[in-house]
Number of protein chains: 2
Amino acid sequence: MQTELDPTDIELLKLLQIDATLTNKELAFKLNKSIATVHERIRKLKDQGYIKRVVAILDRKKINKSLIAFSQVLLKEHTADTLYAFEHEVAKFSEVMECFQMTGAFDFILRIATSDMDTYHLFLRNKLATLPNISTVQSFFVLSETKSETAYPL
Amino acid sequence: MQTELDPTDIELLKLLQIDATLTNKELAFKLNKSIATVHERIRKLKDQGYIKRVVAILDRKKINKSLIAFSQVLLKEHTADTLYAFEHEVAKFSEVMECFQMTGAFDFILRIATSDMDTYHLFLRNKLATLPNISTVQSFFVLSETKSETAYPL
DNA sequence: TTTGAAAACTCTCGCGC
DNA sequence: GCGCGAGAGTTTTCAAA
């Protein structure tokens with residue numbers, strides 16, 4: 001299985017990261033390739049896992065997710081079991097968009113999406129803070145989103 | 001312009017957030033609507049800005065973006081001008097995937113994608129730290145990505 | 001919102017480089 | 001191996017009701 005990207009693959013990935021609604025015909029024109037070639041390249045890029053999925057990105061403010069919080073979590077214990085248990089439980093909460101284990105002074109950083117501060121408060125009290133083994137949770141709130149990019153440079 | 005979402009719109013947004021390659025025919029079947037209805041609903045959801053864009057999500061480790069850092073930036077001054085200038089300059093760096101102005105003990109949090117620690121270091125020294133008006137930058141690194149969701153609950 | 005038909009696009013296959 | 005052309009099969013689009 002060929003796993004290196006050539007310039008055509010790179011160009012395709014660049015374009016599809018920005019707008020995945022481009023048709024094969026449009027892509028073929030931009031790349032000076034045939035439609036069949038573009039089709040085959042994209043199939044391979046998906047098969048090989050370069051393209052994980054194609055998704056619609058919504059305007060969060062329009063769907064009542066106006067408040068984004070970053071919550072830094074410190075656990076009491078750091079055994080393999082307690083780390084796994086935390087990750088496993090926290091992933092179940094629909095408010096948690098992302099969970100990363102981190103280096104540094106705390107263990108995890110969570111990105112939480114809610115409609116407002118009251119809802120965040122309820123999430124913290126009734127969901128996050130009820131998990132066992134939590135030592136501290138520090139919350140920071142997004143005032144404004146200056147840059148928000150899903151496309152990696154290639 | 002109708003701006004409220006009915007249950008069909010909500011269901012469509014849920015599905016398209018997960019997989020935007022579903023055809024109108026497949027969506028119509030899932031929702032028990034006609035293809036033309038689905039087509040028209042999606043057109044409206046895009047027009048009204050609920051769907052901002054449709055993008056391919058890549059596997060960052062396969063495209064040499066193995067290291068993700070969250071960098072907390074504190075500025076020296078907080079005039080409207082200096083805040084704007086920082087946002088404006090930092091958005092130009094291709095390594096910066098996201099930039100948020102925050103409440104709390106620091107001013108901005110950046111999500112930085114690079115290939116490795118050396119590259120991050122170079123970014124910090126030669127790009128970020130050269131911006132005027134920066135007081136401190138604290139960097140935290142992602143050890144593992146437990147949950148990573150682009151779909152908001154609806 | 002639906003229908004239905006025309007236009008556009010997708011996807012596969014086999015040939016040629 | 002990789003790319004391309006052509007055609008069958010789907011999907012999208014757009015009237016009209």
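In what follows, every chain begins at residue 1, and chains take the letters A, B, ... in the order their sequences are listed.
With sequence neighbours excluded, the residues satisfying side chain to side chain donor-acceptor pair (under 3.5 Å) with B:Arg43 are B:Glu40, B:Asp47. Remark: A:Asp118 engages no residue in a side chain to side chain donor-acceptor pair (under 3.5 Å) (not counting sequence neighbours). With sequence neighbours left out, B:Arg60 forms a salt bridge (Lys or Arg N to Asp or Glu O under 4.0 Å) with B:Glu145. For A:Asp81, there are no salt bridge (Lys or Arg N to Asp or Glu O under 4.0 Å) partners, not counting sequence neighbours. When the side chain to side chain donor-acceptor pair (under 3.5 Å) test is applied to A:Thr119, the partners found at least two apart in sequence or on another chain are A:Ser115, A:Asp116. Remark: B:His78 engages B:Asp107 in a side chain to side chain donor-acceptor pair (under 3.5 Å) (not counting sequence neighbours).
Within 4.0 Å of A:Arg41, counting heavy atoms only, lie sugar-phosphate atoms of the nucleic acid but no base atom.
Note that the first and last nucleotides of DNA chain C, 5' to 3', having any atom under 4.0 angstrom from a heavy atom of chain A are C:dC9 to C:dT12.
Listed by first and then second residue, the ring-ring contact (aromatic ring centres under 6.0 Å, His included) pairs that reach into residues 125-151 of chain B are A:Phe106-B:Phe140, B:Tyr120-B:Phe141, sequence neighbours excluded. Under the salt bridge (charged side-chain N to carboxylate O under 4.0 Å, His left out) criterion, the residue pairs touching residues 90-103 of chain A are A:Glu89-A:Lys92, A:Glu95-A:Lys127, A:Glu98-A:Arg111, A:Glu98-B:Arg111, with sequence neighbours excluded.
Between A:Lys44 and D:dC2 there is a side-chain polar atom (N or O) within less than 4.0 angstrom of OP1 or OP2. When the side-chain nitrogen and oxygen atoms of A:Ser34 are compared with OP1 and OP2 of D:dG3, none of them lie within a distance under 4.0 Å.
For DNA chain D, if you chain together Watson-Crick or G-U pairs that step i with j, i+1 with j-1 and so on, the runs of at least three with distances under 3.5 Å are C:1-17 with D:1-17.
The hydrophobic cluster analysis finds B:Leu74 isolated: no Ile, Leu, Val, Met, Phe, Trp or Tyr side chain comes under 4.5 Å of it, directly or through other members.
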Can you give one letter per nucleotide of nucleotides 10-17 of chain D, going 5' to 3': B for a protein heavy atom under 4.0 Å from the base, S for sugar-phosphate only, - for none?
-SSSB---
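Aromatic ring pairs are classed by plane angle as parallel below 30°, tilted from 30° to 60° and perpendicular above 60°; the pair B:Phe86 and B:Phe108 is tilted.
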